[in-house]
Amino acid sequence: MTNHLIKGARPYGGEPADILVTDGRIAAIGDSLSATGAEVVDAAGLIALPGLVDLHTHLREPGREDAETVETGSRAAALGGFTAVHAMANTDPVADTAGVVEQVWRLGEQAGLVDVVPVGAVTVGLKGERLAELGAMADSAARVRVFSDDGHCVSDPALMRRALEYVKAFDGVVAQHAEEPRLTAGAQMHEGDRSARLGLTGWPAAAEEAIIARDVLLAGHVGARLHVCHVSTAGSVELLRWAKSRGVQVTAEVTPHHLLLTDACAEGYDPVFKVNPPLRTDEDVQALRAGLADGTIDAVATDHAPHAVEDKESEWAQARPGMLGLEQALSVVVETMVETGLLDWAGVADRMSVRPAAIGRLSGLGDRSHGRPLAPGEPANLLLLDPTTRVTVDPASLASRSRNSPYAGRELPGRVVHTFLRGVPTVLDGKATR
Amino acid sequence: MASSAEPAREPVPGALLSSADVARVVDRMAHQLIERAATIEPGAPDGGLSDLVLVGIPTRGAPLARRLAARIEAFTGTAVDVGTADITLYRDDLRRRGVRALEPTVLPDAGIDDRLVVLVDDVLFSGRSVRAALDALRDLGRPRSVQLAVLVDRGHRELPIRADFVGKNVPTSRSQQVRVHLTETDGVDEVLVTEAAE
Amino acid sequence: MKRHLLEAADLDRGDATLVLDTAAQIDQALAGREVKKLPTLRGRTVVNLFYEDSTRTRISFELAAKRLSADVINFSAKGSSVSKGESLKDTALTLEAMGSDAIVVRHSASGAPHRLANWVRGSVVNAGDGTHEHPTQALLDAYTIRQRLGRLEGVRVAIVGDVLHSRVARSNVRLLHTLGAEVTVVAPPTLLPVGIGTWPVEVSYDLDAVLPKADVVMMLRVQAERMNASFFPSAREYSRRYGLDARRMGALGDDAIVMHPGPMNRGMEIAAEVADSVRSTIVEQVGNGVSVRMAVLYLLLGGNEPA
């Protein structure tokens with residue numbers, strides 16, 4: 001195994017230091033380190049952060065390999081500075097058995113660019129009718145701890161209660177896609193001034209908030225862990241703040257796009273901006289940023305959702321919801337949270353690595369841990385970011401197999417220069433190593 | 001006014017006809033129209049004027065037609081029918097000229113069938129407006145004959161069209177512009193020649 | 001004028017007035033003529049691309065284009081490549097390759113004409129998209145109001161019915177506001193969109209309170225299916241509270257007119273004796289539709305280089 005000496009990086013944006021990586025671990029951090037035989041990586045001026053962990057990635061394999069594969073999605077993740085991603089269960093076939101989650105996990109190992117951590121479906125076929133074999137998935141080689149019907153809400157309250165209770169047996173967590181389906185039939189965008197004018201069926205904030213309110217009460221009642229996917233409204237932040245103040249074991253994520261974009265993007269009807277939950281108002285964006293800053297929202301999760309061209313180059317209503325996120329996630333967080341002064345670099349590491357890893361129970365896996373501090377002895381999962389370069393996003397140059405980036409043509413700050421997974425460079429000089 | 005003996009040459013940019021010139025030219029054209037009407041049906045009690053219809057081509061052909069009718073009435077005591085025919089929708093060069101607001105098309109109650117229609121326009125240039133007007137007339141009725149009266153003929157015809165009544169012949173270069181101003185539309189009577197802006 | 005007519009907001013006051021004035025001149029020029037045909041768009045091709053059945057709108061556009069001597073191709077989704085799964089984009093590019101200068105599109109998806117406009121070089125005219133807009137309907141309605149009442153500035157218009165799902169209402173609210181009319185929308189709260197507070201309208205739930213002050217009452221079609229989705233309890237209750245019957249018509253001022261974009265549900269939102277009364281402009285609206293659409297096609301296509 002090649003050892004690396006990373007020269008002059010700034011851990012967490014602090015004073016420059018050298019980082020010596022040997023045998024997959026951080027051997028030392030300090031001034032003027034030297035090591036014979038180690039490959040030197042010039043990192044002068046670059047910020048070192050622990051490898052990012054995504055709680056919410058759609059890799060589309062098996063089933064829609066034309067939109068993304070585990071390999072292309074892994075490459076996109078590595079280029080975005082991630083070292084672990086949770087692969088959502090809404091594949092075809094659905095990841096609702098030990099067999100499917102193990103298949104996805106193995107494909108991730110073969111790609112070798114990030115640790116692909118499968119998410120198991122809560123209910124068979126995501127149908128919301130009966131529980132999938134959650135225990136079998138937990139016990140499989142994929143070691144599933146996060147369960148989600150994402151794309152669909154577990155809307156039956158009794159079923160949701162049972163799921164929350166059941167996964168306690170193996171320290172699992174139910175990640176809820178909070179959307180009361182009876183309130184969002186045919187919904188196309190945030191319900192408000194713009195939907196009224198554009199004639200697109202509205203997706204009311206209350207449809208998300210009603211489920212979150214119900215679920216935090218249920219989680220509190222049965223003493224279980226609940227994770228709320230892609231929180232999108234100011235009201236949701238308030239509910240989460242209230243639940244946390246009451247001691248409910250609830251965590252939540254926000255997507256980069258909900259931190260940056262608003263429903264104004266729907267003007268012009270370009271479905272690249274169609275996403276579920278929908279882009280909300282500026283007021284919601286500000287509340288989400290504040291919630292992420294104060295820790296009410298624990299994590300940034302991409303909800304990276306690749307779609308084939310034909311699923312986006314269509315009428316708005318016919319298009320599939322979802323947008324790419326892995327490769328621009330950190331840049332969007334820099335723009336919305338760091339450059340606004342809401343988070344420092346340690347805060348970024350906390351929301352994009354430490355806490356998501358903790359929620360996914362990836363922090364205590366020894367050599368295979370994620371979300372660990374940049375410190376001697378820890379697995380060498382880290383990224384090096386050039387914070388000063390601004391990059392104009394060109395969808396054609398993305399590693400994802402799909403092109404549905406909502407940031408096309410937008411200039412964003414920061415560029416991931418190097419990424420290391422357990423001491424092995426997955427990205428060097430902005431290029432994937434495999 | 002320039003004598004016809006003078007060789008054709010480009011006029012110096014500036015005023016070609018003054019207000020008084022315009023009035024004199026209109027009067028002369030009115031007399032010519034009266035003479036022509038008398039040839040439609042020799043010996044008719046109204047001098048043929050009841051068979052005459054002056055149809056102005058907007059914008060400035062319309063007030064010009066009304067003026068001619070007023071002068072004819074002043075000279076003869078007989079009122080002459082006047083109409084307007086907007087030709088915009090008949091133009092074959094819309095793609096190059098672009099769209100513009102339409103102006104009214106109004107024909108006298110007696111119509112134009114079997115009558116002498118005199119189209120009235122301010123400037124005769126390529127002849128394309130007249131061609132469009134002839135097409136419009138075809139859809140509006142079936143006149144006995146159609147003739148053309150223009151205040152200024154500046155040459156450079158692109159079609160085999162000539163005027164029957166001309167207020168003034170003005171040889172111009174293609175790059176020049178002839179502008180007719182009338183009190184009704186522009187607040188003043190005058191005809192100007194200008195060099196087109198580059 | 002912009003290159004496309006996608007929504008009423010594409011027209012500023014000058015543009016909208018130009019369309020209405022042009023329609024009036026065309027009307028006048030063609031009145032009483034045997035040959036109701038103008039050579040204006042000779043050699044131009046107008047495609048009627050209809051993804052929804054709408055015979056009256058398609059015929060109106062077809063007649064308008066033909067009276068301007070354009071070549072007209074009717075392309076309906078049924079029985080075409082569209083029913084075989086061809087995408088809107090592929091259809092658009094095919095039509096463009098065939099040399100269409102304008103595409104008149106009716107589609108069940110809001111915003112489909114906006115998408116189309118990104119993919120073709122010719123003009124796109126929205127002939128109704130989902131629950132978004134139907135701008136030429138609003139233009140013909142404004143034309144009809146001006147013809148009947150002589151003005152639009154300060155005219156008080158009540159738009160009554162299923163505003164939530166109505167593209168006619170959206171276009172009329174925008175256009176009538178642009179032209180200086182004062183609009184009140186009247187509906188049960190379930191049939192008004194969340195966010196209507198930002199529209200330039202008054203909102204009322206009480207038809208009887210609005211009628212005496214209205215110069216124009218525009219009744220919208222209400223689909224009985226809405227009842228099943230609990231937008232209102234029953235057709236009878238809807239009709240009783242929001243239908244325009246003879247008794248309510250009696251509350252209108254002497255010169256007030258009654259409009260309906262058609263097709264009507266007689267007995268639901270409008271009683272037969274109202275629809276057939278002298279106040280009703282429903283038949284005029286149909287005729288005016290052709291003139292207004294001629295004006296739109298002329299103004300969009302007349303001056304442009306062919307695509």
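Residue numbers begin at 1 in each chain, while the letters A, B, ... track the order of the sequences.
Considering CG of Leu89(B) and NZ of Lys37(C), their distance stands at 14.0 Å, rounded to 0.5 Å. Between the CG atom in Leu30(C) and the CG atom in Asp139(B) there is a gap of 9.0 Å [rounded to 0.5 Å]. Interatomic distance, Thr88(B) OG1 to Tyr298(C) OH, rounded to the nearest 0.5 Å: 5.0 Å.
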Show the numbers, then the answer: is there a side chain to side chain contact (heavy atoms under 4.5 Å, CB included) between Thr105(B) and Gln25(C)? CA-CA 7 Å; Thr105(B) 295; Gln25(C) 299 291 10; over 6 Å; no
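Environment of CG in Asp255(C): sparse, with no more than 12 heavy atoms of neighbouring residues, nucleotides or ligands closer than 6.0 Å. No more than 12 heavy atoms of other residues, nucleotides or ligands sit less than 6.0 Å from atom CZ of Arg174(C). Few gaps surround CZ on Arg13(C); more than 12 heavy atoms of other groups in view lie less than 6.0 Å from it. By the 6.0 Å contact criterion, NE2 on His181(B) is enclosed, its count of non-hydrogen atoms from other residues, nucleotides or ligands being greater than 12. Heavy-atom contacts from other residues, nucleotides or ligands closer than 6.0 Å to CZ of Arg142(B) number 12 or fewer.
Proximity to chain C involves both the backbone and the side chain of Arg100(B), based on heavy atoms less than 4.5 angstrom apart.
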